[in-house]
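Chain identifiers are assigned alphabetically (A, B, ...) following the order of the sequence lines, protein sequences preceding nucleic acid strands; residue numbering begins at 1 within each chain.
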Protein chains: 2
Amino acid sequence: MPTKYKGTPEEVQALDTYIKLQRATETSMSRTTAHLSNFDLTTSQFAVLEALYHLGTLSQRDLAEKLLKSTGNMSSVLKHIEKRGLISRERNENDNRYMRVCITGSGRTLIDSMFKEHVAGIVEEMSVLTSEEQAELARLCRKLGLRET
Amino acid sequence: MPTKYKGTPEEVQALDTYIKLQRATETSMSRTTAHLSNFDLTTSQFAVLEALYHLGTLSQRDLAEKLLKSTGNMSSVLKHIEKRGLISRERNENDNRYMRVCITGSGRTLIDSMFKEHVAGIVEEMSVLTSEEQAELARLCRKLGLRET
DNA sequence: ATAAAATAGTTAAACATTAAACGATTTAAT
DNA sequence: ATTAAATCGTTTAATGTTTAACTATTTTAT
């Protein structure tokens, strides 16, 4: 998907890499999250449940930081999965500003029932790349995302 | 950001690569589109304008395919930038099902005024990678996105 | 101790996004 | 020619998302 933009070779390469990164990520994420609708989960809801499942109780602030989302977004997403009984919330007794967000038994059961399938989809998605290519892609992403060595 | 998941080495590497790809893309896209708010443009609105600017008149269906979005989404995004006078729409005379979406003079002027800055931001973002690294990242993304050699 | 600053979470407004139902138009099948 | 199927765009419902204003709580400065 080379851009139509006429620029210096440096600009053309940066734009080309940029758009390919964007497209590949979009399509990869789309393919690997399509099955979530079978469990009536949105990608955001799944991300929250998965974080709580693997990391344990977190505050909404910590969740927002882990997931790169705003606190307002957390309020909204948590409201839905709380209503469905997949998570529970209570005030932190030591500091009443904080909420302690926990995954419930029901939420844990749901993740238990589908996480293997989820991982299998990701392994399948990544299997077009060799182990060495995956390592190199991870390295380049780390360098790009952190903007540091 | 290695996952907590205990799996086979293949699973661990796939998950690690997957999450790094997702995070790097999110942060890169976030950094390179932050300036759009200076022009009262959302990323979706900018994507539409940029496509029309560089590709010329397109139908809403074609726009949706280029941008990997639904036709319902196109209806919504186009409504906003049409109201603002940045694009115009008319029915295709040969086939009345189609809309012909054009960027207006006003829309063109807006993109003219900020596209160089946009490109500069992307070049700056990508500049943490050498030219060879960018080429390799593009290659890996192409392979991953298309799921073909 | 008290006032100011900082922090956590909620809410509202605005826009994005999709799926599904829908109406309008065109094409294909017979 | 008529019917059936396909295609394009719109709308609605539901959810996601951010920013900014807001409340409540805690911490800091004096």
Side-chain angles (χ1 to χ4, degrees), chain A residues 22 26-27 29-31 33-51 57-84 86-102, chain B residues 22 25-27 29-31 33-49 51 57-84 86-102:
Chain A
Q22 184 179 36
E26 274 182 25
T27 58
M29 297 304 147
S30 174
R31 283 193 289 251
T33 58
H35 74 109
L36 295 181
S37 64
N38 298 338
F39 307 94
D40 283 309
L41 286 176
T42 67
T43 57
S44 299
Q45 293 169 355
F46 173 71
V48 167
L49 287 176
E50 197 271 344
T57 296
L58 292 171
S59 72
Q60 298 191 189
R61 158 84 30 199
D62 289 342
L63 265 175
E65 276 175 17
K66 288 273 179 205
L67 304 177
L68 307 178
K69 296 291 156 62
S70 67
T71 59
N73 179 241
M74 278 306 103
S75 284
S76 171
V77 174
L78 289 171
K79 183 179 61 184
H80 293 298
I81 54 180
E82 183 180 44
K83 183 164 50 182
R84 192 168 150 195
L86 301 176
I87 60 113
S88 64
R89 289 189 278 187
E90 54 184 20
R91 289 279 167 188
N92 182 317
E93 291 148 11
N94 298 336
D95 188 334
N96 267 288
R97 291 171 301 183
Y98 286 79
M99 298 293 281
R100 294 168 35 83
V101 186
C102 309
Chain B
Q22 184 178 38
T25 303
E26 274 182 24
T27 58
M29 297 304 146
S30 174
R31 283 193 288 250
T33 57
H35 75 108
L36 294 181
S37 64
N38 298 337
F39 306 94
D40 284 309
L41 287 176
T42 66
T43 57
S44 300
Q45 293 169 354
F46 173 72
V48 167
L49 288 176
T57 295
L58 292 171
S59 72
Q60 296 191 191
R61 159 78 37 195
D62 289 342
L63 264 175
E65 276 174 17
K66 288 275 178 204
L67 304 177
L68 307 178
K69 296 292 155 63
S70 68
T71 60
N73 180 241
M74 278 305 103
S75 283
S76 170
V77 174
L78 289 171
K79 184 179 61 183
H80 293 299
I81 54 182
E82 183 180 45
K83 182 165 51 183
R84 193 167 150 196
L86 301 177
I87 60 114
S88 64
R89 289 190 279 187
E90 54 185 20
R91 288 279 166 189
N92 181 317
E93 292 148 12
N94 299 335
D95 189 334
N96 265 287
R97 290 172 301 185
Y98 286 79
M99 297 295 278
R100 293 168 37 83
V101 186
C102 310

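Between A:Asn96 and the phosphate of D:dT26, there is a side-chain N or O to OP1/OP2 separation shorter than 4.0 Å. For B:His80, no side-chain nitrogen or oxygen approaches OP1 or OP2 of C:dA14 to under 4.0 Å. Proximity of A:Ser44 to the phosphate of D:dT15: no side-chain N or O atom is located under 4.0 Å from OP1 or OP2. Between A:Arg89 and C:dT10, a side-chain N or O to OP1/OP2 separation shorter than 4.0 Å is present. Not one side-chain nitrogen or oxygen of A:Arg97 sits closer than 4.0 Å to the OP1 or OP2 atom of C:dG9.
Residue A:Asn73 is in base contact, counting any heavy-atom pair closer than 4.0 Å across all strands shown. If you check every strand for non-hydrogen atoms under 4.0 Å, B:Leu68 touches sugar and phosphate atoms only. Note on B:Thr43: nothing from the nucleic acid sits closer than 4.0 angstrom, heavy atoms only. Using a 4.0 Å heavy-atom criterion, one finds that B:Thr42 contacts the sugar-phosphate atoms exclusively. When heavy atoms are screened at a 4.0 angstrom cut-off, A:Arg100 is found touching no nucleic acid atom at all.
Note that NZ of B:Lys69 and CD of A:Glu26 are 5.5 Å apart. Values are rounded to the nearest 0.5 Å.
Proximity note for A:Asp95 (side chain, C-beta onward) versus C:dT26, C:dC15, D:dT25: the nearest is D:dT25. In the set D:dT10, D:dT19, C:dT11, C:dT11 carries the atom at the smallest distance from any side-chain atom of A:Ser75. In this structure, the nucleotide among D:dT10, C:dG9, C:dT18 sitting nearest to the side chain of B:Lys69 is C:dT18. Among the nucleotides C:dG9, D:dT17, C:dC15, the one closest to the side chain of B:Gln45 is C:dC15.
Applying the salt bridge (charged side-chain N to carboxylate O under 4.0 Å, His left out) test to residues at least two apart or on different chains, the pairs with a partner in residues 73-84 of chain B are B:Glu82-B:Arg89.
Using a distance-only test at 3.5 Å, with no hydrogens or angles considered, a donor-acceptor pair links the side chain of A:Ser70 to the main chain of A:Asn73.
Partners of A:His80 according to the ring pair (Phe, Tyr, Trp, His ring centres under 6.0 Å) rule, which considers only residues two or more places apart in sequence or in another chain, do not exist here.
When each of B:Val48, B:Thr71, B:Val77, B:Ile87 is tested with B:Leu63 by the rule side-chain contact (heavy atoms from CB on, under 4.5 Å), just one qualifies, namely B:Val48.
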